[in-house]
Amino acid sequence: MFRRLLDVPTTIRVTVNGRDVLAASGDSVAATLLLAGHSVFRRTLRSRQLRGPFCGMGVCFECLVTIDGQSGQQACMVPVKDGMAILTAENADG
Amino acid sequence: MTTSAKSSAGEDCDIAVIGGGVVGMAVAYGLARAGQAVTVVDEGDVAHRASRGNFALIWVQGKGLDMPDYARWSLQSSNLWRDFAHDLSNETGLGLAYARNGGLTACLSEDELATRAGELRRLHNSAPDCGTFEVLDHRGMKELLPDLGTSVAGGTFCPHDGHVNSLKLFSALHQAVLVHGAAYRPNADVTDITPRCDGFAIHTVRGEIRARKVVLAAGLGNARLAPMVGLVAPVRPQRGQIMVTEKLQPFLRYPLGTIRQTDEGGVMIGDSKEEVGYDTGTAHEVLAAIAARAVRVFPLLERAQVIRSWGALRVMSSDGYPIYDRSVQCPGAYLVTCHSGVTLAANHATVVAAAIAGDQWPTALDVFSAARFADVSQAA
Amino acid sequence: MGEGNCDLLIVGAGPAGMRAAIAARDGGLSVTVVNEGMRPGGQIYRGVQTMPHPLVSVLGAEYAAGRALADAFSACAMRYLSHTAVFMIEKRDTGGFEIGVSSGTTARMITARAVLIATGALERPFPIQGWTLPGVMTAGGAQTMLKASGAVPSGPTVLAGTGPLLYLLAAQYARAGIKLVALLDTTPTANWRAALTALPGFLVSRNVRKGLRLLREASAHPILRNVGGLAASGDGRLEQVAAQVGGREHRFVAQTLLLHQGVVPQVNLALAAGAAHHWNETRLAFEPRVTADGESTVAGLFIAGDSAGIAGADAAEHRGLVAALAILDRLEAPDREKRERVRSQARAALAKAMRGRAFLDRLYRPAPQFRMPADDVMVCRCEEVTAGEIRALTARGAQGPNQAKAFSRAGMGPCQGRGCALSVTEIMAHASGRDPGDIGHMRIRAPVKPVTVGQMAALSASEAYGRK
């Protein structure tokens, strides 16, 4: 649902729900996922609704994902790093 | 709905309950169910409300170490809770997430365990009817709590303990008193109470309310109100700090005295006992100590996100036990105050409400009179 | 002093924080700046020091102007903690503050003699039917994608709402060659009448030329004005946007809906620190009670920039400077007389930067139906509480947002009310016929930013570095 205006080198390799995804230096985890076509990040606990990034600046806590085993991480606030294992609601809620 | 204050003209009721927290609402619920015309008089949004900050245990173990009557009183309420919760849910359609699977206390050293076991044994020997308990070693604890940390030496288990979602309890009580026809008057801080020949005039910032009887259930506010009707309520604030985590998958089947998982998934971790006056803030040193202990009990908590922390004020009498009193000087005035409003809610809605409605004061309540604080009754 | 202690701790590295840091360093203070992002700039100048040239021309001259400030900031020898969040501020009995900061897997306490909160603004909640669907984002969130990753929406996109940022993003997308499916302007036409009284001030402000240019650039998109109703729908993600204009409904197929109806101060940190706030009825927001120098009701705790009341980037810079000068006075830094000239210049510049603000405040005041939505619309996204539930609790006697929170959980989720506090207060005020200032803001508690139980456990002493 998002695309880059400029060609930048995507040298960072992470996994999203086990699949390889490439990212550029300076991307947040949320940007990495949005650019890879993921718009659903989590499910709400009360009614199992699907949610994705909303505010993009660490305010709304809608983009929570699991990063390297740590749950509840704000994807928009964490810079992407080589080798990260990211889980979205697709896999994280079992 | 009956919430708009008919302030200018004043209003009449059988019984005015001052205080819209869990204690006042439980008494009001029992009175309204018994057919009394009840008006609950409450403060505004910003108030010292233990009802919004408590730990939500329905707890028996270790209660009344120096006062077996209080141990008995707690056990009685714990036994009444199932029916109380059932009725309250049925009448409001609101779930309370009540559970009574027993509760645990975790001890982090052999010394701590020996002290704890000794206390419970002493209480049990002096009052064998105050319920049962078991002392568990690490393995025994681990069977009940698979995620237990290795630094837990052991603990105690009491089958009478349980817990509830106390915010759901608080909301259901508010709903229930209205269902039973009571009136709720928020933002009506009480400025004065005047005894009259036919009852009491309660002066509030939103007008006057006349009642045949008045029940003081205003928590820390009782200290100010009690002398207006010839009673004394020597209570002081004692702060407890609590933190709550993000919602986690259920892992904790039994509540512990200082760690419990709510029905929504969040884990509550508390509590401290601090003499800091009316300060409801938090202090990082205390939160750090609480957190460190919790991580030793359940290492998986280390990586759980803390969502919020808070300080709440317990309503403490000088010996820590409840005060139930009726006024000799102003017949029809009653005092109900305690720091375990959730545990004792079932007693308050039944035994205490019946005593107030029927003018029959059971002897079991006499031991909780403020007369036991000899110095303050003389001072009053 | 230990490594973590400082004279002044500044929270945020936007225009106010950066300018304050430079001035405080000039005055000889040791300064620590805590920034949630990697590089300085705040939301407004995000990434300005490293932005590739083609993107700078998309973002515009106002954005590029932030470069000089950011470079001066980077050169001013303060201690810069990037990717670090302040999660609590405690006032010490002995004077000064202890500040809890977290970064990655560690957390620790830092002590400071004074604190400046310069955390800026956040976008006002925009509760409409379907706003929780994946694919619905804020305009600010989309702009962050543009600044941080040079990214734009790839499918059909609708931009909706009111306020300067709405038109700025529309203009930036137009410069980048992106054509929106629709730009839905929810500015009530009645606002123009209220705004006209403030027009003279606006006409002499530098915002006039800027505003006219943005409007011209945004006209590259199909624009629908006077939109009175909005709803998003879709099965598990956004598929359609509906807009009401007059009696007519317009429907748009869209993959992305970007919402915006102005910004409001970020108040959570200041509220948790105990600073008093008041309701601003024109700006429909809670603002901290601060002196002309930016000092809050907590002595030694200053607030500058948009977190003290929305006034924009230029004003933020001047307010940061004014606050820093007052902090230098407070901490008895030498050469007080020399500061007086700087102070009077800064105050004059601030007054100039404030020109036209009243016009914008009135013109872009969002309509009631977008602040206090219909009963079936969710207002608390975290705990999934609807406007109807809040109204029902108000009718039952709930006095304010704290009681409503206890009864409904609205505001109890991880965002700590940032997404619903204003909605809850306004809904309760409207339902009970009271003033929003009288209803109040829900109480905010530490930690105001995420911290784990393990990190909390490591805070046993000041300067004790957190273990994992």
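Just so you know, these numbers use all the heavy atoms, side chains as well, and skip hydrogens, waters and symmetry mates. Below, chain A is the first sequence line, B the second, and so on; all start at residue 1. These numbers come from a predicted model, not from an experiment.
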Original post:
Between I307(B), T282(B), I290(B), which shows the greatest number of heavy-atom pairs under 4.5 Å with chain C?
Top reply: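 Among the listed options, the one with the most contacts to chain C is I307(B).
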Original post:
Who wins among Q305(B), R293(B), E43(B) for the most heavy-atom pairs under 4.5 Å with chain C?
Top reply: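 Option with the top pair count is Q305(B).
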Original post:
Top residue by heavy-atom pair count (under 4.5 Å) with chain B, among M88(C), M412(C), K405(C)?
Top reply: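 Option with the top pair count is M412(C).
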Original post:
Any idea which of P450(C), G440(C), G100(C), P447(C) has the most non-hydrogen atom pairs under 4.5 angstrom with chain B?
Top reply: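 Going by pairs under 4.5 Å, I would pick P447(C).
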Is it the backbone or the side chain of [X] that comes under 4.5 Å from a heavy atom of chain C, or both, or neither?
X: S309(B); result: both
X: R49(B); result: side chain
X: K168(B); result: neither
X: A304(B); result: both

Original post:
Taking it one step at a time, do N280(C) and E287(C) satisfy side chain to side chain donor-acceptor pair (under 3.5 Å)?
Top reply: CA-CA 7 Å; N280(C) 183 321; E287(C) 297 174 351; 3.2 Å; yes
Subject >> Residue pair V41(B) / Y184(B), side-chain heavy-atom distance below 4.5 Å >> reply: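 Of all side-chain heavy-atom pairs linking Y184(B) with V41(B), none is under 4.5 Å.
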Original post:
With a 4.5 Å limit on heavy-atom distance, are the side chains of T150(B) and V152(B) in contact?
Top reply: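 T150(B) vs V152(B): side chains apart.
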Original post:
Take atom NE2 in H430(C); do more than 12 heavy atoms of anything else shown fall under 6.0 Å from it?
Top reply: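 It does not: H430(C) NE2 has 12 such atoms or fewer within range.
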Original post:
Of all heavy-atom pairs between T111(C) and E98(C), which one has the smallest distance, and what is that distance?
Top reply: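 T111(C) and E98(C) have their closest heavy atoms at CG2-CG, 3.9 Å.
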**OP:** Under 4.5 Å heavy-atom distance to chain B, tell me which part of E90(C) shows up: side chain, backbone, both or neither.
**Re:**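 Answer is side chain: those atoms of E90(C) sit under 4.5 Å from chain B.
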Subject >> Pairwise salt bridge (Lys or Arg N to Asp or Glu O under 4.0 Å) hits with a residue in residues 443-453 of chain C, at least two apart >> reply: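 Of all non-adjacent pairs touching residues 443-453 of chain C, those that pass salt bridge (Lys or Arg N to Asp or Glu O under 4.0 Å) are E36(C)-K449(C).
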Original post:
In Å, rounded to the nearest 0.5 Å, how long is the span from CE of M25(B) to CG of D42(B)?
Top reply: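 Atom-to-atom, M25(B):CE and D42(B):CG are 6.0 Å apart.
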